[in-house]
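Reading through the structure tokens given below for one structure.
Chain letters run A, B, ... following the sequence lines, proteins first, then strands; residues in each count from 1.
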Amino acid sequence: MTVRTRFAPSPTGYLHIGGARTALYAWLQARHNGGQFILRIEDTDRERSTDAAVQAIIDGMAWLGLDHDEGPLFQTRRMDRYRDVAQRLLDAGNAYYAYESKDEIEAMRAAAMARGEKPRYSGAYREHNEPCRDDPNRVIRFRNPSSGTVVFDDAVKGRVEWNNAELDDLVIVRSDGFPTYNFAVVVDDIDMGITQVIRGDDHVNNTPRQINIYQALDAQVPAFAHLPMILGADGQKLSKRHGALGVMQYREAGYLPHALLNYLVRLGWSHGDQEIFSIHEMIDLFDIADVNQSASRFDLAKLGWLNQQYMKNDSPAEIAPELAWHLRRIGIDPAQGPDPADVIIALRDRVQTLKEMAQRAKIWYAPIEQWDDKSVAKHLRADGVAPLLQTAHAKFASLGEWSPQAIHVAIEELANDAGVGMGKIAQPLRVAITGTQVSPSIEHTIYLAGRDVALKRIGVAIERALA
RNA sequence: GCUCCCUUCGUCUAGUGGCCCAGGACACCGCCCUCUCAAGGCGGGAACACGAGUUCGAGUCUCGUAGGGAGCGCCA
């Protein structure tokens, strides 16, 4: 049987980090087994679902490279199907109409709580088999078995056993005629031939009642895998109010999709001591059964480290478009300066994100924004600096080939001839080119400025040194 | 309240009864390298929640305690 997994978000917001990991694991599980991965949009909550959110989810998945083989399928397009299945359940006596008002249900729950019991539906309609009639309170409830147990072997949690006595008769069709989540997922997963349901462990408690529905429908029960949550750095649950960022916000913050994927795959899963995984390796090595059972915290520092690993090891040409995207975001035209691939080579050892890289790259695309007074005072006002800079200016002006190597050689010669250390000449040049005393290696700093700009800035620095 | 789930360094984790006085990675600290900042190399501190039990032997199995989480919706 070919493995079929799915990712089924509800479009009520962006694709957040927890959802992204769930999607990744489901995708990996399908790819590892040569199966299919399906994207389904659970939009039965008409009040909270938006088209923008649907788009955000699709964009996020695309950016991460989690491609689906089928979908996106929308639940709202399947209303007739849910009604048919509900009718089938009704006909077979596995479901019934109920007419309690929301207030009555609320009272029922409160009373159960007061008795120290679990709040459950205990209405009379379960016994009565009331016919269908027009009533604003009319819902359809599933007739859950009242005895026995439900057992399932969760791929990550292990064997989970549940007493049917703990379960009540859940609503499967609401008074507005829409199916509820627990019903719609089951119908969908059956119709779509899902063999393995992979989702957040906030759904473990729903699983036994869903299994009962599968059984009432005579359907094959899929395998389940419930993933532990991802917590914030402080150990608190991630929520939109509390640090949960959308996947696309990670792009904006300067992370590479592969780095995010790598971070996510290691959050709750591992393969020995390996930290870096190519996509191919992830697919090859991943097995949902190896996923951890406990929640994990999101650690931005490690993501940063991973991101840098990818910036350092991927080919600069491959990352260049992503850097160009970041440059444009801060108002820089990448065409008005050095090749972004060269910028990557100069900066990848120094920053952890593309966003920082773009910020630092500004000096090569636009005039110096601000001179750092301390740097100027220390290096441009020093004794004997002006002649050194003048010599440098002359050397660069007559340099045959404008390359980091050639520039490096020129500076070394200069230092030797002047009988000074590299620092004595590199620092003033650095301040001349960047306005600060921190930048990549001096030859790259000068090279990336381009000969014209470099000479011009050194000229200005000489004036400052003489002033 | 009830049901279910979880618990190894600060964090992510390795570990499936002896290979573990617990290994790796991030972070942190120190040294080296060095034109700044980094990167890199080398080194360091740092954990089996607690208590019983099973066993010749327990991080690994069982029970209990504590702590954390989820669910108990006509939300998903």
Could you let me know what [N] is paired to, Watson-Crick or G-U wobble, both distances under 3.5 Å, or none if it's on its own?
N      : answer
B:rG45 : none
B:rA70 : B:rU3
B:rC9  : none

Below 4.0 angstrom from OP1 or OP2 of [N], is there any side-chain N or O of [X]?
X        : N      : result
A:Arg109 : B:rC72 : no
A:Asn292 : B:rA14 : yes
A:Ser10  : B:rC75 : no
A:Ser270 : B:rA14 : yes

Between protein and nucleic acid, restricted to nucleotides 59-64 of chain B and to nitrogen or oxygen atoms under 3.5 Å apart, what atom pairs and distances do you find?
none

Could you check whether [Y] and [X] have their ring centres less than 6.0 Å apart?
X        : Y        : value
A:Phe142 : A:Tyr96  : no
A:Phe37  : A:His68  : no
A:Phe277 : A:Trp269 : yes

Side-chain donor-acceptor contact under 3.5 Å, A:Gln75 with A:Arg78:
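No pair is found: no donor N or O on one side chain lies under 3.5 Å from an acceptor on the other.
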Can you list every pair that meets salt bridge (charged side-chain N to carboxylate O under 4.0 Å, His left out) and has a residue in [range], with sequence neighbours left out?
range                       : value
residues 264-276 of chain A : A:Arg266-A:Glu275, A:Glu275-A:Lys302
residues 369-378 of chain A : A:Lys362-A:Glu369
residues 405-429 of chain A : A:Lys395-A:Glu413

Quick one: side chain to side chain contact (heavy atoms under 4.5 Å, CB included) partners of [X], sequence neighbours excluded?
X        : result
A:Ser278 : A:His280, A:Glu281
A:Glu161 : A:Thr149, A:Val151
A:Ile58  : A:Leu39, A:Val54, A:Gln55, A:Pro72

Inspect the surroundings of CZ in A:Arg159 and state if more than 12 heavy atoms from other residues, nucleotides or ligands are less than 6.0 Å away.
no
Could you pull out all donor-acceptor pairs under 3.5 Å where a side-chain atom in residues 292-300 of chain A meets a protein atom, sequence neighbours excluded?
from     : atom 1 : to       : atom 2 : distance (Å)
A:Arg297 : NH1    : A:Ala233 : O      : 3.2
A:Asp299 : OD1    : A:Ala301 : N      : 3.2

Minimum heavy-atom separation for A:Asp154 and A:Ala225, please, with both atom names.
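In this case the closest contact between A:Asp154 and A:Ala225 is OD1-CA, 3.6 Å.
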Would you be so kind as to tabulate the donor-acceptor pairs closer than 3.5 Å made by side chains of residues 172-183 of chain A, with sequence neighbours excluded?
from     : atom 1 : to       : atom 2 : distance (Å)
A:Arg174 : NH2    : A:Thr44  : O      : 3.1
A:Asp176 : OD1    : A:Phe178 : N      : 2.9
A:Asp176 : OD2    : A:Arg46  : NH2    : 3.1
A:Thr180 : OG1    : A:Val171 : O      : 2.8
A:Tyr181 : OH     : A:His203 : ND1    : 3.2
A:Asn182 : OD1    : A:Gln210 : NE2    : 2.8

Along nucleotides 21-29 of chain B, 5' to 3', which nucleotides get a B, which get an S, and which get a -, given that the test is a protein heavy-atom distance under 4.0 Å?
--BBBS---
Let me have a per-nucleotide readout for nucleotides 1-6 of chain B, 5' to 3', with B, S or -, counting only protein heavy atoms under 4.0 Å.
BBSSSS
Taking [M] as the reference, what is the distance to [N] when you measure between their [atom1] atoms (whole Å, please)?
N      : M      : atom1 : result
B:rG15 : B:rC37 : P     : 41 Å
B:rG40 : B:rA76 : C1'   : 48 Å
B:rG59 : B:rU16 : P     : 13 Å
B:rA58 : B:rA22 : P     : 16 Å
B:rG30 : B:rG18 : P     : 40 Å
B:rU54 : B:rA70 : P     : 37 Å

Per nearest nucleotide of RNA chain B, the residue lying toward the 5' end, A:Arg21 or A:Glu100, is A:Arg21
Of A:Asn182 and A:Arg209, whose nearest nucleotide on RNA chain B comes first from the 5' end?
A:Arg209
At 4.0 Å (heavy atoms only), tell me whether [X] reaches a base, stays on the sugar-phosphate, or touches nothing.
X        : value
A:Pro440 : base
A:Glu47  : nothing
A:Asp168 : nothing
A:Ser175 : base

Checking contacts here: which listed nucleotide (B:rC12, B:rA70, B:rA76) is nearest the side-chain heavy atoms of A:Arg297?
B:rC12
Closest to the A:Ala426 side chain: B:rC35, B:rC75, B:rC74?
B:rC35
Does A:Trp371 have A:Arg464 sitting over its ring (NZ/CZ under 6.0 Å from centre, angle to axis within 45°)?
yes
Is A:Arg120 side chain donor-acceptor paired with the B:rC72 base, going by distance under 3.5 Å alone?
no
In residues 402-421 of chain A, what residues come within less than 4.0 Å of RNA chain B, judged by heavy atoms?
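Residues of residues 402-421 of chain A that come under 4.0 Å of RNA chain B do not exist, since none gets that close.
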